[in-house]
Amino acid sequence: MNLEQTLNISVAKAVKSLYDFEPETNLPALQKTKKEFEGDLTVVTFPFVKAARKSPEQVGQEIGEFLLKDTEVVSKFNVVKGFLNLSISKSFWLETLNAIHSDNDFGITKATEDAALMMIEYSSPNTNKPLHLGHIRNNLLGHSIAEIQKANGWKVVKTNIVNDRGIHICKSMLAWKLFGNGETPESTGLKGDHLVGKYYVIFDKHFKAEIQELISKGLTEEEAKKSAPLILEAQKMLLAWENNDAEVRQLWEMMNAWVYAGFDKTYQQMGVSFDKIYYESETYLEGKSEVERGEAIAAFYRREDGSVWADLTGNGLDEKLLLRADGTSVYMTQDIGTAKLRYNDYPINKMVYVVGNEQNYHFQVLALLLDKLGFEWGKNLVHFSYGMVELPEGKMKSREGTVVDADDLMLEMIETARETSQELGKLDNCTAEEIETIVRMVGLGSLKYFILKVDPRKNMTFNPKESIDFNGNTGPFIQYTHARIKSVLRKAVEQKIEFSSLKNIGLGISEKESYLIQLLNEFPSVVRQAGEEFSPALIANYIYELVKEFNQFYHDFSILKEENQEMKQFRLVLSESIASVIKTGMSLLGIDVPERM
RNA sequence: GCUCCUGUAGUUCAAUGGAUAGAACAAGUGUUUCCUAAACACUAGAUCCGGGUUCGAUUCCCGGCAAGAGUACCA
């Protein structure tokens with residue numbers, strides 16, 4: 001039983017015995033005592049005032065006295081207005097620290113054989129352009145949430161659906177065919193995904209020119225968009241692709257291979273991976289046949305032009321296209337097929353889609369469609385809807401060249417880390433190889449932390465003109481603290497100081513030290529909450545708080561120079577436990593921490 | 001038009017309905033013969049507006065205002 005549970009039970013006993021009061025709902029949770037007051041945890045007494053028919057202060061006083069007798073862990077208390085501030089005994093904190101220090105998996109619940117399985121889809125790139133900052137947020141969130149759920153005892157399968165077919169990739173293919181002069185990644189030195197992306201932009205440029213020309217000939221913009229030769233040609237190509245045209249398929253395979261090679265490098269640099277990759281080209285037929293089955297069971301209907309639709313007006317939504325008049329499939333078609341295949345392939349207990357909030361409607365519709373098709377799990381799909389990354393001037397637009405490229409940004413962060421390290425002379429004694437490892441850790445750490453510390457559901461702003469900070473509430477600050485602790489621990493080992501566990505739990509430790517133990521003690525519940533809420537930000541904010549407190553402690557207290565041997569050992573145990581929680585916590589964010597920096 | 005989301009210091013972000021709304025950056029000022037100054041300390045600065053529920057509202061409800069997204073034979 002943890003501290004909060006112990007106290008909650010005691011408080012419940014107190015109000016029952018003092019006021020014969022049994023709240024219908026759960027008691028309001030204990031909260032941490034604010035810094036400016038004495039105490040560790042606080043009970044708010046207002047909810048009991050009515051039943052007690054006494055003032056909030058009196059109620060606090062009476063519950064406080066009850067707790068003092070009822071439980072060992074409360075050593076004293078004070079009452080300020082309706083707030084009962086409890087001080088927890090130092091010996092309790094020291095015992096807690098011992099338990100934390102000896103637990104190698106502190107905060108982590110490992111999956112058992114029969115644990116439930118969660119499949120998490122993230123990344124899901126289109127193969128017509130390189131990854132950008134928006135994808136970075138998606139990938140980091142997906143990876144981190146997978147780690148967090150694993151730490152909460154789930155079996156996790158990380159999956160990726162590669163949108164490798166469709167009109168968008170035909171546009172790149174067509175542009176390359178028309179204007180490419182046989183360019184390849186080798187001949188240009190461009191990363192494959194960037195080369196293909198270049199032709200997607202070229203397509204758009206020519207397409208726009210054609211539209212302008214048609215408009216000048218008197219067509220409306222809408223008519224022009226539908227009748228421009230390039231788009232007609234791309235549509236023809238999509239049809240040829242779906243009909244297995246050998247030449248189109250060959251071109252498609254070649255260009256996709258370029259893109260995959262490029263993506264692999266980006267994923268590797270980012271430090272994310274997948275257990276199972278699905279390709280839209282391999283799932284869309286399943287989707288098509290499901291749509292046809294839906295038509296057969298009258299869940300969907302066919303229009304005169306041959307297109308197939310779902311009528312969702314009964315659910316308060318619109319009608320949704322599932323197959324085009326020319327028989328080709330759309331995004332939704334393949335998502336139906338992919339979902340079905342996944343449930344065939346794995347015993348999924350929970351399916352999570354990490355996809356931006358711009359697709360909220362899409363997932364609302366998907367769940368309904370699967371439900372109409374008779375899949376009992378359809379309505380249980382979880383759309384983990386995260387916010388967009390915006391630039392100061394608004395949304396990133398690939399066609400306007402305002403996207404922040406993922407490869408460029410990661411490289412830039414690493415180079416900034418390198419420059420900073422050089423300026424500070426931090427890595428002068430390291431080998432070239434060590435320097436490489438560390439600057440990569442720090443550069444990526446700053447980027448990852450910058451993104452993950454924000455509540456995932458909210459949109460966030462990134463200003464490319466201001467480089468991401470390395471000071472303050474940042475990844476490098478946390479990494480630096482870890483390195484500092486490790487440095488002290490190395491010196492302790494050199495000095496042959498033994499500090500495996502604490503014998504004397506009667507040690508007179510400071511408020512700052514007991515608060516650090518209190519923070520450590522919160523780690524498991526932070527991990528749990530992060531899992532329940534799908535929020536890496538909770539972990540990030542927690543680690544920051546822990547690290548900030550540790551740095552104050554480090555500044556104000558001596559560890560190795562402490563003369564009292566028991567106190568010195570205590571501080572080493574405390575520091576080591578903090579380093580360990582920092583490392584574990586950061587690993588849940590997908591961020592590595594260095595031994596030195 | 002309809003649907004959804006978001007409005008907190010100059011900026012970027014916090015705050016299960018609880019105490020005087022926290023941090024960081026930027027601004028200003030200090031701390032290094034001392035375990036890593038990528039640190040620590042100090043100063044100044046904010047809840048879009050109006051109602052309601054409540055002992056208590058940044059938080060919940062209603063109405064404005066503002067920004068964003070969705071509403072495609074795009075993905």
Side-chain angles (χ1 to χ4, degrees), chain A residues 26 28-29 31 33-37 42 44-47 49-50 56 80-83 85 124 126 128 163 166-169 171 226 235 280 303 305-309 316-318 320-326 328-332 334-335 356-362 364 385 387-388 390 392 394-395 417 420-421 423-424 426 442 446 450 453-455 457-463 466 468-481 483-492 529 537-538 540-541 544-545 548 551-562 571 575 596-597:
Chain A
N26 285 340
Q31 52 188 284
T33 305
K34 295 237 175 197
K35 283 248 171 83
E36 54 268 38
F37 300 98
T42 293
V44 181
T45 63
F46 294 112
V49 165
K50 210 170 179 180
V80 182
K81 291 190 277 185
F83 300 91
N85 302 318
S124 308
N126 293 335
N128 61 334
N163 296 303
I167 190 72
H168 57 284
I169 181 70
K171 290 177 182 175
K226 283 181 177 165
Q235 282 163 358
E280 187 179 325
R303 288 188 183 170
D305 63 4
S307 56
V308 179
W309 295 74
L317 304 176
D318 292 326
K320 179 73 195 173
L321 175 86
L322 299 174
L323 285 176
R324 294 190 185 100
D326 67 2
T328 59
S329 60
V330 294
Y331 181 52
M332 186 62 82
Q334 67 83 19
D335 248 352
N357 61 17
E358 56 190 356
Q359 294 194 35
N360 286 354
Y361 182 76
H362 174 84
Q364 210 183 333
S385 164
M388 300 287 99
E390 290 169 349
K395 202 183 175 187
T420 307
S421 297
E423 277 168 29
L424 299 174
K426 292 281 187 180
V442 174
S446 82
F450 176 82
K453 76 173 181 189
V454 180
D455 182 341
R457 284 170 183 79
K458 291 188 178 171
N459 288 0
M460 62 180 292
T461 307
F462 174 82
N463 189 344
E466 296 169 11
I468 296 174
D469 260 303
F470 283 19
N471 300 324
N473 186 357
T474 68
F477 171 64
I478 293 165
Q479 291 170 317
Y480 171 72
T481 306
R484 256 182 159 183
I485 297 175
K486 286 296 186 174
S487 172
V488 173
L489 295 175
R490 277 193 300 273
K491 292 203 164 79
Q529 203 188 348
L538 295 179
N541 291 333
Y544 175 63
E545 167 77 6
K548 199 156 60 85
N551 273 310
Q552 289 167 5
F553 163 74
Y554 181 91
H555 183 266
D556 295 341
F557 294 81
S558 270
I559 301 171
L560 293 172
K561 291 199 176 66
E562 170 60 42
R571 288 185 184 153
S575 301
R596 71 189 75 218
M597 71 182 265

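Throughout, a chain's letter reflects where its sequence line sits, starting with A, and its residues are numbered from 1. The structure presented is a predicted model; accordingly, all values stated were derived computationally and were not measured.
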Would you say A:N463 places a side-chain N or O within less than 4.0 Å of OP1 or OP2 belonging to B:rU12? no
Between B:rC40 atom P and A:Y554 atom OH, what is the distance in whole Å? 12 Å
Starting from P on B:rU12, measure out to CG on A:N541 and report it in whole angstrom. 17 Å
A:R324 vs A:T328, test: side-chain hydrogen bond (donor to acceptor under 3.5 Å, both in side chains). Steps then yes/no. CA-CA 5 Å; A:R324 294 190 185 100; A:T328 59; 3.0 Å; yes
On a whole-Å scale, what distance lies between the C1' atoms belonging to B:rG56 and B:rG17? 8 Å
Evaluate side-chain hydrogen bond (donor to acceptor under 3.5 Å, both in side chains) for A:T474 paired with A:D469, printing each intermediate quantity in order. CA-CA 7 Å; A:T474 68; A:D469 260 303; over 6 Å; no
B:rU6 versus B:rA14 - spacing of their C1' atoms, nearest Å: 16 Å
Whole-Å distance, A:E390 CD to B:rA69 C1', equals 9 Å
Under a 3.5 Å distance rule, please check whether A:T461 uses its side chain to pair with a backbone N or O of A:P392 as donor and acceptor. no
Distance-only donor-acceptor check, side chains A:N163 and A:H168, under 3.5 Å: no
Tell me whether A:F477 and B:rA39 count as stacked here, given that the ring centres must be under 5.5 Å apart and the planes must differ by less than 30 degrees. no
Is A:K458 close enough to B:rG7 that one of its side-chain N or O atoms is under 4.0 Å from OP1 or OP2 there? yes
Checking side chain to side chain contact (heavy atoms under 4.5 Å, CB included) between A:M597 and each of A:R484, A:K486, A:Q479, A:K426, which is the one that passes? A:Q479
What interatomic distance, in whole Å, is found between C1' of B:rU43 and the corresponding atom of B:rU54? 37 Å
Are any of A:R324's side-chain N or O atoms less than 4.0 Å away from OP1 or OP2 of B:rC74? yes
Is the aromatic ring of A:Y480 within stacking range of B:rA39, meaning centres under 5.5 angstrom and planes under 30 degrees? no
Is there a side-chain polar atom (N or O) of A:K81 under 4.0 Å from OP1 or OP2 of B:rU20? yes
With nearest nucleotide decided by heavy atoms, which residue, A:S558 or A:N85, maps closer to the 5′ end of RNA chain B? A:N85
Can you check the distance between B:rA46 and B:rA24, where both ends of the measurement are the C1' atom (answer in whole Å)? 15 Å
Roughly how many Å is it from CD in A:E545 to P in B:rA23, rounded to a whole number? 9 Å
With rounding to the closest Å, how many angstrom separate the P atoms on B:rC65 and B:rA75? 36 Å
Check whether the side chain of A:T481 and the base of B:rA39 form a donor-acceptor pair under 3.5 Å. no
Whole-angstrom distance between B:rU8 and B:rU3, as gauged at atom C1': 26 Å
Side-chain donor or acceptor of A:T42 paired with backbone N/O of A:N85 under 3.5 Å: no
Report the distance from atom CZ of A:F557 to atom P of B:rC35, rounded to the nearest whole Å. 17 Å
Rounded distance (Å) that lies between atom P of B:rA39 and atom CG of A:N473: 11 Å
Distance between C1' atoms of B:rG51 and B:rG68 (Å, rounded): 26 Å
Options B:rC40, B:rC35, B:rC74, nucleotide nearest the side-chain atoms of A:I559: B:rC35
Quick check on B:rA38: is either OP1 or OP2 less than 4.0 Å from any side-chain nitrogen or oxygen of A:Q479? no
Contact under 4.0 Å: A:S487 side-chain N or O vs B:rU36 OP1/OP2: yes
Measuring only the C1' atom in each nucleotide, how far is B:rC60 from B:rC42? A whole number of Å is fine. 39 Å
Between B:rG18 and A:F46, is there a base-stacking contact, meaning the centre of the base's six-membered ring lies under 5.5 Å from the residue's ring centre while the planes stay under 30° apart? yes
